[in-house]
Amino acid sequence: MQSLVYIILTGLLIGALISAPMGPIGMLVIQRTLIKGRAPAFFTGIGATLSDFIYCLLTGLGLSFVTDFIQNNQNMLQLVGSVVLMLYGIYLFRTNPSRKLSTPVPTANSPWRDFATGFLLTFSNPLILLFIIGLFARFNFLDTTYRFYHYIAGYLAIIGGAAAWWFAVTYSVNKLRAHFNVRSLWLVNRIIAIILLAMATAGVVLSIKNLT
């Protein structure tokens with residue numbers, strides 16, 4: 001019973017820690033919370049959660065051929081992900097938030113687009129795999145004494161921890177939403193776009209350098 005409680009608590013912590021670093025997805029979730037509201041931002045975070053969960057499964061199941069492929073093509077995957085991120089940063093920089101505010105009703109497939117964006121941007125960053133391996137090792141998540149139901153509970157807890165993190169982020173940012181006017185949202189758009197472009201540029205330069 002103690003081991004079951006431990007792996008659930010550990011899973012919740014790992015899920016939150018994987019999501020917590022304020023990278024491109026974190027910036028995107030903040031921007032969407034301010035511009036589009038909590039639901040689109042939360043769907044973006046859930047998309048990232050699914051990607052992280054897949055990487056956790058690959059780590060836990062020991063699919064060496066998959067992890068070898070990711071590690072062997074790490075620079076190419078980083079380059080592709082950085083280019084996608086750069087294109088989105090350019091789009092975000094040119095976006096007029098007043099137009100977003102004037103059309104608050106989302107289209108029917110909008111949640112799926114938000115979900116897909118979060119998933120693809122996160123999945124295109126294979127470096128998260130190394131972070132997950134470190135967390136699993138740090139908290140002894142793959143203890144050989146665990147039974148199958150321990151792992152089911154642990155992996156479900158990882159999803160719960162990540163979802164709880166994105167819920168907390170969108171809730172907190174949404175509370176501050178009333179303090180932003182159109183000009184403030186425009187500045188937020190530009191600032192976040194510049195940060196994303198800087199991250200993307202660094203990723204492109206680093207991946208090209210490693211490829212050559």
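Owing to the predicted nature of the structure, the values given are computational and were not obtained by experimental measurement.
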Item to check | Check: Tyr55 and Thr122 side chains under 4.5 Å, non-hydrogen atoms | outcome: no
Next on the checklist: Any non-hydrogen side-chain atom of Thr49 less than 4.5 Å from a side-chain atom of Trp165?
Outcome noted: no
Checklist entry - Out of Ile7, Ile8, Leu9, which residue meets the side chain to side chain contact (heavy atoms under 4.5 Å, CB included) rule with Val5? => result Leu9
Item to check | Value rounded to 0.5 Å, distance of OG1 in Thr201 from CG in Leu197 | outcome: 6.0 Å
Checklist entry - What's the spacing between Leu13 CG and Ile18 CD1 if we round to 0.5 Å? => result 9.5 Å
Next on the checklist: What I'd like to find out is whether the side chain of Val169 reaches to under 4.5 Å of the side chain of Ser19, using heavy atoms alone.
Outcome noted: no
Item to check | Any donor-acceptor N/O pair, Ser51 side chain to Gly47 backbone, under 3.5 Å | outcome: no
Checklist outcome for this item: In this structure, OH of Tyr149 is separated from OG of Ser3 (nearest 0.5 Å) by 6.5 Å
Checklist outcome for this item: Correct closest heavy-atom pair for Ala41 and Val29 would be CB-O, 3.4 Å
Checklist entry - Going from OG1 on Thr44 to CZ on Arg113, what distance comes out if it is rounded to the nearest 0.5 angstrom? => result 11.0 Å
Item to check | Where Tyr151 and Phe141 come nearest, the two heavy atoms and their spacing | outcome: CE2-O, 3.5 Å
Item to check | Atom pair OG1 (Thr117) and CG (Leu121), whose distance is rounded to the nearest 0.5 Å | outcome: 6.5 Å
Next on the checklist: Taking the six-membered ring of Phe42 as reference, does the cationic atom of Arg32 (NZ for Lys, CZ for Arg) lie under 6.0 Å from its centre and within 45° of its axis?
Outcome noted: no
Checklist entry - How far apart are the closest heavy atoms of Met86 and Val204, and which atoms are they? => result CE-CG2, 4.1 Å
Checklist entry - Taking the side chain as C-beta and beyond, is there a heavy-atom pair between Phe136 and Ile132 under 4.5 Å? => result yes
Next on the checklist: Suppose we call two aromatic rings close when their centres sit under 6.0 Å apart. Are Phe119 and Phe53 close by that rule?
Outcome noted: no
Next on the checklist: Under 4.5 Å between side-chain heavy atoms, counting indirect links through other Ile/Leu/Val/Met/Phe/Trp/Tyr residues: same cluster for Leu4 and Tyr6 or not?
Outcome noted: yes
Next on the checklist: Grouping I, L, V, M, F, W and Y whenever their side-chain heavy atoms are under 4.5 Å apart, do Leu120 and Phe43 come out in a common cluster?
Outcome noted: no
Item to check | Parallel, tilted or perpendicular: ring planes of Phe167 versus Tyr171, cut at 30 and 60 degrees | outcome: parallel
Checklist entry - Taking atom CD1 of Ile46 and atom CH2 of Trp166, what is their separation to the nearest 0.5 Å? => result 9.5 Å
